[in-house]
Amino acid sequence: AQSVTQPDIHITVSEGASLELRCNYSYGATPYLFWYVQSPGQGLQLLLKYFSGDTLVQGIKGFEAEFKRSQSSFNLRKPSVHWSDAAEYFCAVGAGSNDYKLSFGAGTTVTVRA
Amino acid sequence: GAGVSQSPSNKVTEKGKDVELRCDPISGHTALYWYRQSLGQGLEFLIYFQGNSAPDKSGLPSDRFSAERTGGSVSTLTIQRTQQEDSAVYLCASSRTRTGGVNIQYFGAGTRLSVL
């Protein structure tokens, strides 16, 4: 079965600074990869996904992520953070014959300071 | 509807009582999922419905948990004899029929369950 690790529980970043959130997965082949964002009291919103092809994927709200097979990573980046980006971010993996069972990391909480 | 709708948004219950959580998926989505999000944890898969197929219940933590989906649309997650460890946010998601690729799951805002 696949698993996901988000090494950073909490990140604080200044508004306008760049942001990178780490995600590592464990799976023998290339899985389907997702980043979701959850604002307080809200459901999860899909930021971007990787299924195949170009390893650099663009998402909504100015986010991008890069799939690196050699490192089993799918890190999320944003060049310039806005205060509205303060939220919890989840990396998720779907793989194998039961790829509908997404495995989620524990999440990274992002705080944006003025 | 425009998105996945869950009700109630918050539920406080006493230990030992039964609770029902409701999910109304996006119109036209045939797949429906339930996840549980415990404090400080990621999401834990509970159950998956796809059309008229038998549901995948492999994630249900105990026989106190059950779910049904009536008419291929609305789903109800029932927890019997609730325990304090059942306190969590229960999230529902839906997606289109899978046609050779993975589905994108769209999530509701969840039901926050507190068992006293």
Side-chain angles (χ1 to χ4, degrees), chain A residues 1-10 21-27 29-53 57 59-60 67 74 87-109, chain B residues 1-10 23-26 29-51 53-60 88-112:
Chain A
Q2 69 271 20
S3 64
V4 181
T5 302
Q6 292 181 247
D8 304 304
I9 296 172
H10 188 209
L21 304 182
R22 296 183 291 165
C23 172
N24 294 96
Y25 67 89
S26 173
Y27 184 65
T30 299
Y32 301 114
L33 296 158
F34 306 84
W35 275 100
Y36 283 89
V37 61
Q38 185 178 36
S39 298
Q42 304 294 313
L44 276 71
Q45 181 181 22
L46 181 67
L47 286 175
L48 46 76
K49 61 190 182 296
Y50 174 78
F51 293 168
S52 64
V57 294
I60 63 171
F67 169 60
F74 188 56
E88 190 160 21
Y89 293 79
F90 293 94
C91 181
V93 168
S97 58
N98 295 325
D99 54 21
Y100 53 82
K101 291 184 188 179
L102 296 185
S103 295
F104 284 81
T108 298
T109 299
Chain B
V4 177
S5 178
Q6 292 188 246
S7 61
S9 55
N10 284 282
C23 173
D24 199 343
I26 293 172
H29 281 189
T30 59
L32 187 146
Y33 317 74
W34 284 97
Y35 291 85
R36 179 169 68 175
Q37 183 179 23
S38 302
L39 187 64
Q41 304 293 317
L43 276 71
E44 170 191 15
F45 168 83
L46 296 178
I47 188 168
Y48 162 68
F49 295 91
Q50 172 60 65
S53 301
D56 179 347
K57 304 179 182 180
S58 60
L60 295 178
V89 176
Y90 290 83
L91 289 159
C92 176
S94 71
S95 67
R96 296 182 188 279
T97 301
R98 187 163 122 187
T99 51
V102 72
N103 292 321
I104 296 172
Q105 297 179 26
Y106 297 87
F107 285 81
T111 294
R112 181 175 297 278

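Bear in mind the structure is a predicted one, so any value in this text is a computation, not a measurement. We name chains A, B, ... by the order of the sequence lines, and we start the count at 1 in each one.
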Honestly, the part of B:Leu43 sitting under 4.5 Å from a heavy atom of chain A is both

Honestly, the part of A:Gln6 sitting under 4.5 Å from a heavy atom of chain B is neither

Honestly, the part of A:Leu46 sitting under 4.5 Å from a heavy atom of chain B is side chain

**Prompt:** Does a sphere of radius 6.0 Å around CZ in B:Phe45 hold more than 12 heavy atoms from other residues, nucleotides or ligands, not counting ones at 6.0 Å or beyond?
**Reply:** yes

Task: Flag if over 12 foreign heavy atoms under 6.0 Å of CG, B:Leu39 - done: no

Can the ring centres of B:Tyr35 and A:Phe104 be said to be less than 6.0 Å apart?
yes

Check: A:Phe90 and B:Gln37 side chains under 4.5 Å, non-hydrogen atoms: yes

Ring pair (Phe, Tyr, Trp, His ring centres under 6.0 Å) filter on A:Tyr27, not counting sequence neighbours, yields none

Highest number of heavy-atom pairs under 4.5 Å with chain B among A:Glu88, A:Gln45, A:Gln38 belongs to A:Gln38

Applying salt bridge (Lys or Arg N to Asp or Glu O under 4.0 Å) to A:Lys49 and not counting sequence neighbours gives none

The reported gap from CD in B:Glu44 to CG in A:Leu102 (rounded to nearest 0.5 angstrom) is 13.5 Å

query: With distance as the sole test, does B:Gln105 use its side chain to make a donor-acceptor pair with the main-chain N or O of A:Tyr100 at under 3.5 Å?
result: yes

